[in-house]
Amino acid sequence: MEGKHGVSNFVSHLFLVVILLVGAAAFLFVPPLPGRREAIAAGLSVCYFLWGLWYHHREDRLNIRIVLEYLLVAVLGAVLLLALI
Amino acid sequence: MIGKLRRAKRLFVPCSANNYRARLLHLPSLVIIVSLFLTAQTILSLIRFTRPAVLGYASQITPEKIVELTNQERVGLGLEGLRINEALSEAARRKAADMFAFDYWSHNSPTGRDPWSFFKEVNYDYVYAGENLARDFVSSEAVVAAWMASPTHKDNIVNSRYQEIGVAVVEGELEGLRTTLVVQMFGSPTKTLAKGKPLSNLESVEQAYASTETERASSSTPSASQEQSSVYQDQPLPVSPLLVNRGLAIFILGLLAGALLVDCLIAGKKNVRRLAGDSWAHLTFLVIILLIVILSGSGSLLESISNL
């Protein structure tokens, strides 16, 4: 049972890493046309926030503090990226 | 001293005093960090508009290098190199001057002028014409690489219908930021034979350099762009807003990533169960953001325009 949970946990994190790497590649390699990088930065942060909600909901540990924590980390990431544009 | 060390420990290391979660990762701390960064951004924006020319991008872009790289891309695809047309270069310079004078970042001026009016102004009669724009880049290579990565700009650069090119690289203040504008104009003249012979890459570069220098020296009525360029010659190099933001971002991300790594290691070792987000996930997200911050470059483009 514990082993199954470990594998599922690993797959969830791997899924997150793939999403983030795709977003990073998109941010770095798309031509810097108006709106594109902004959209990617926002998309990356929204994906992270939603992943956090999904992951903790699946673990049955979703709580308002956790939601706020993911929201703040996602906003911080978006703000840092938007400042580069 | 010991009290300060304890406070620092509570800030970065999970222990019973901070409920086994570094204080830096608590919600109020995250709110403070986001607020401080936004405040820093506001201050930078104020500097941008109250003390223009302090922030900006110092570049090493030259028209001759842009032409050389453009022709390299064309020759690499089996196309003929474009020959420099002085009327097109003048049209590009006038376009850049107009953008600085009316403070706009667009193909069309707020006064209603479109790119083609600059072609007409210098009496360049064309069959086909196009325009690429770029700003805030620091090197010619970065400009051409960004254009080549954009399908519409690439279409202009490697279009077999174009025969001539004109490039202007002009420094000035745009939207409160000292910047370098690159205007690249393409054309196919109606009277092909009257416009001179095609040049090799090297000849193109030499001609572009010579003509640019001649025009700067002989012009009795300098354009707005030339005036702005001479204003900046005596000023110190501007501080790049990208470098300021990058420095701030690396500091914040480094601090949080460090605290998260310590949190992951200690909480994992002690097998602490807390009502908090997943530290490994936060760490992964922030490290990816850090990588983007380190690897991303400056510069922006506008969608290219042509009459094809």
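Any value given below was found using the heavy atoms of this structure, including those in side chains, with hydrogens, waters and symmetry copies removed. Proteins get letters first, then strands, A, B, ... in listed order; numbering begins at 1 in each.
Of residues 78-85 of chain A, those residues lying under 4.5 Å from chain B by any heavy-atom pair are A:Val79, A:Leu80, A:Leu81, A:Ala83, A:Leu84. Close approach to chain B, defined as a heavy atom under 4.5 Å from one of its heavy atoms, is seen in A:Ile66, A:Leu68, A:Glu69, A:Tyr70, A:Leu72, A:Val73, A:Ala74, A:Val75, A:Leu76 of residues 66-76 of chain A, taken by number.
Using a 4.5 Å cut-off between heavy atoms, B:Leu302 touches chain A through backbone and side chain atoms alike. Only the side chain of B:His153 comes within contact range of chain A, with heavy atoms under 4.5 Å apart. Neither the backbone nor the side chain of B:Leu44 comes within contact range of chain A; no heavy atoms are under 4.5 Å apart. When heavy atoms are compared at a cutoff of 4.5 Å, B:Val244 does not approach chain A at all. Residue contact with chain A, scored on non-hydrogen atoms closer than 4.5 Å, involves the backbone of B:Arg274 exclusively. Contacts of B:Leu256 with chain A are made by side-chain atoms alone, with heavy-atom separations under 4.5 Å and no backbone atom involved. In this structure, the portion of B:Leu38 lying under 4.5 Å from any heavy atom of chain A is its side chain and not its backbone.
The OG1 atom of B:Thr284 lies 7.5 Å from the OH atom of A:Tyr48; values are rounded to the nearest 0.5 Å. Interatomic distance, A:Arg37 CZ to B:Ser300 OG, rounded to the nearest 0.5 Å: 9.0 Å. The CZ atom of B:Phe285 sits 9.0 Å away from atom CG of A:Leu16, with the distance rounded to the nearest 0.5 Å. The CD1 atom of A:Ile19 sits 11.5 Å away from atom CD1 of B:Ile288, with the distance rounded to the nearest 0.5 Å. Within the model, atoms CG of B:Leu301 and CG of A:Leu33 stand 5.0 Å from one another, a figure rounded to the nearest 0.5 Å.
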Could you walk me through whether B:Leu291 and A:Leu28 pass the side chain to side chain contact (heavy atoms under 4.5 Å, CB included) check? CA-CA 10 Å; B:Leu291 277 176; A:Leu28 291 172; over 6 Å; no
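Closest approach of B:Ala149 to A:Pro31, counting heavy atoms only: O-CG, 3.4 Å.
Sorted by first and then second residue, the pairs that involve residues 8-35 of chain A and meet side-chain hydrogen bond (donor to acceptor under 3.5 Å, both in side chains), not counting sequence neighbours, are A:Ser8-A:Arg58, A:Asn9-A:Tyr55, A:Ser12-A:Arg58, A:His13-B:Asp278.
Your options are B:Val31, B:Leu286, B:Ile33, and the one with the most heavy-atom pairs under 4.5 Å with chain A is B:Val31. Interface summary for chain A: among B:Leu248, B:Leu30, B:Ile292, B:Asn245, the most heavy-atom pairs under 4.5 angstrom belong to B:Ile292. Of the listed residues (B:Ser150, B:Ser296, B:Gly277, B:Gly299), the greatest number of heavy-atom pairs within a distance under 4.5 Å of chain A belongs to B:Gly277.
The environment of B:Asn19 atom CG is sparse: at most 12 non-hydrogen atoms of other residues, nucleotides or ligands sit within 6.0 angstrom.
Partners of B:Gln60 by side chain to side chain donor-acceptor pair (under 3.5 Å), not counting sequence neighbours: none found.
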